[in-house]
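Worksheet for the structure shown next.
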Amino acid sequence: MITFVEETGSTNADLAAAVRAGERVNEGSWLVAERQNAGRGRQGREWFDGSGNFMGSTVVAIKAGDKPPATLSFVAALSVFEAASDAVGDGANVQLKWPNDVMLEGAKLSGILLEMVAEHVVVGIGVNLAQAPDLAERRIVAIADFVKPPPLRDFADDLARVFARELQSWRDTSLSDMLERFLALSIHSQGAPIRVHDADGEFVEGTFAGLEESDGALRLRLADGAERVIRAGDIS
Ligand SMILES: O=C(O)CCCC[C@@H]1SC[C@@H]2NC(=O)N[C@@H]21
């Protein structure tokens, strides 16, 4: 079930509060806002409140035997990839960038924020359907920059349907299958030079050496041949 609201602070904050309050939040239910006045991004950033964009969250209840909760990031990224690909058709090139960015013609289209709350993961997704912010530090795009974007409700239906399927496959199949699919759609191929902004705020340079099979962490080959495993950060 998808609940649409005209405006809220943050759909992630709303669902996190509901989980904390012990309210029953069923898997498969979504909260989607037409406007967010306190949208949260990764690493403490704010998320752009663009009218006509998709801004929504869902909750996954972690069960015994589930994979590491952080790997839900790949469930979300693969779902947005498919919904965005459905929306743009042949109109533009959609790709993935570790850990969970969806890129359109090489620029960021979507953001995904996972927040752990009392054995639940709140998965928040923002997709620039209609408009993108104008940022000095990096290029952000919207589907509307390339093709006519789908109506918000149609996109939300498609994304919720694909997410449910990907979540089931996260539970039923090995993580390596999912990581292989992620890598096949990734903007960075094995050996590509990359610069990573890690969780301590440091920039580390090296080449892309794949993903850890156990949890999807980034493997970075350094200039001296050593390998560094990065669990939180951004490729810049
Ligand atoms: O910084 C990023 O890349 C992640 C951005 C995640 C934004 C979405 S919009 C819906 C949900 N509610 C929030 O406050 N944030 C997420």
Side-chain angles (χ1 to χ4, degrees), residues 2-20 25 29-60 69-70 72-81 83-84 94-104 106-117 120-143 149 152-153 155-160 163 182 186-187 196-199 201 216 218 230-236:
I2 306 178
T3 304
F4 291 91
V5 291
E6 254 176 49
E7 183 165 353
T8 188
S10 150
T11 55
N12 260 38
D14 291 348
L15 290 189
V19 171
R20 272 195 208 98
V25 185
S29 62
W30 285 77
L31 178 65
V32 175
E34 284 170 26
R35 304 301 300 260
Q36 278 190 142
N37 54 47
R40 301 173 176 175
R42 293 177 59 231
Q43 300 190 337
R45 292 186 292 250
E46 287 174 5
W47 185 253
F48 173 65
D49 170 35
S51 169
N53 289 349
F54 176 87
M55 294 168 272
S57 306
T58 189
V59 169
V60 177
L72 284 166
S73 158
F74 299 106
V75 170
L78 286 162
S79 304
V80 176
F81 175 90
V94 188
Q95 288 173 303
L96 295 171
K97 180 162 81 84
W98 185 92
N100 56 28
D101 281 338
V102 180
M103 315 293 285
L104 189 57
K108 182 165 164 127
L109 169 71
S110 157
I112 292 166
L113 175 67
L114 263 51
E115 296 184 90
M116 188 84 198
V117 189
H120 293 72
V121 177
V122 178
V123 180
I125 298 177
V127 185
N128 301 328
L129 301 179
Q131 51 175 314
D134 195 7
L135 299 185
E137 66 275 18
R138 59 181 163 166
R139 200 163 69 89
I140 314 277
V141 289
I143 286 180
L152 173 61
R153 284 168 192 247
F155 185 84
D157 283 342
D158 195 30
L159 181 60
F163 188 92
F182 184 93
S186 173
I187 201 164
V196 182
H197 189 210
D198 71 14
L218 176 78
I230 297 180
R231 298 215 142 68
D234 276 319
I235 301 178
S236 60

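Both ligands and their constituent atoms are indexed starting at 1 by order of listing.
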- Centres of the F163 and W30 rings: under 6.0 Å? yes
- Taking the side chain as every heavy atom from C-beta outward, state whether I235 and K97 have any pair of such atoms under 4.5 Å apart. yes
- Query: Are the side chain of N100 and the backbone of F74 linked by a donor-acceptor contact shorter than 3.5 Å?
  - Reply: no
- Just by modelled atom types, is the L31 backbone N or O under 3.5 Å from a matching donor or acceptor in the T3 side chain? no
Could you pull out every N or O of ligand 1 that sits under 3.5 Å from a protein N or O, with the distance for each pair?
residue: ligand 1; atom: 1 (O); partner: R42; partner atom: N; Å: 2.7
residue: ligand 1; atom: 3 (O); partner: K108; partner atom: NZ; Å: 2.7
residue: ligand 1; atom: 12 (N); partner: T11; partner atom: OG1; Å: 3.1
residue: ligand 1; atom: 12 (N); partner: Q36; partner atom: OE1; Å: 2.9
residue: ligand 1; atom: 14 (O); partner: S10; partner atom: OG; Å: 2.7
residue: ligand 1; atom: 14 (O); partner: R40; partner atom: N; Å: 2.7
residue: ligand 1; atom: 15 (N); partner: R40; partner atom: O; Å: 2.8

- Message: Strictly below 4.0 Å, N to O, side chains only: are R45 and D234 in salt-bridge contact?
- Response: yes
- Can we say R153 and E34 salt-bridge, meaning some charged N sits less than 4.0 Å from an Asp/Glu carboxylate O? yes
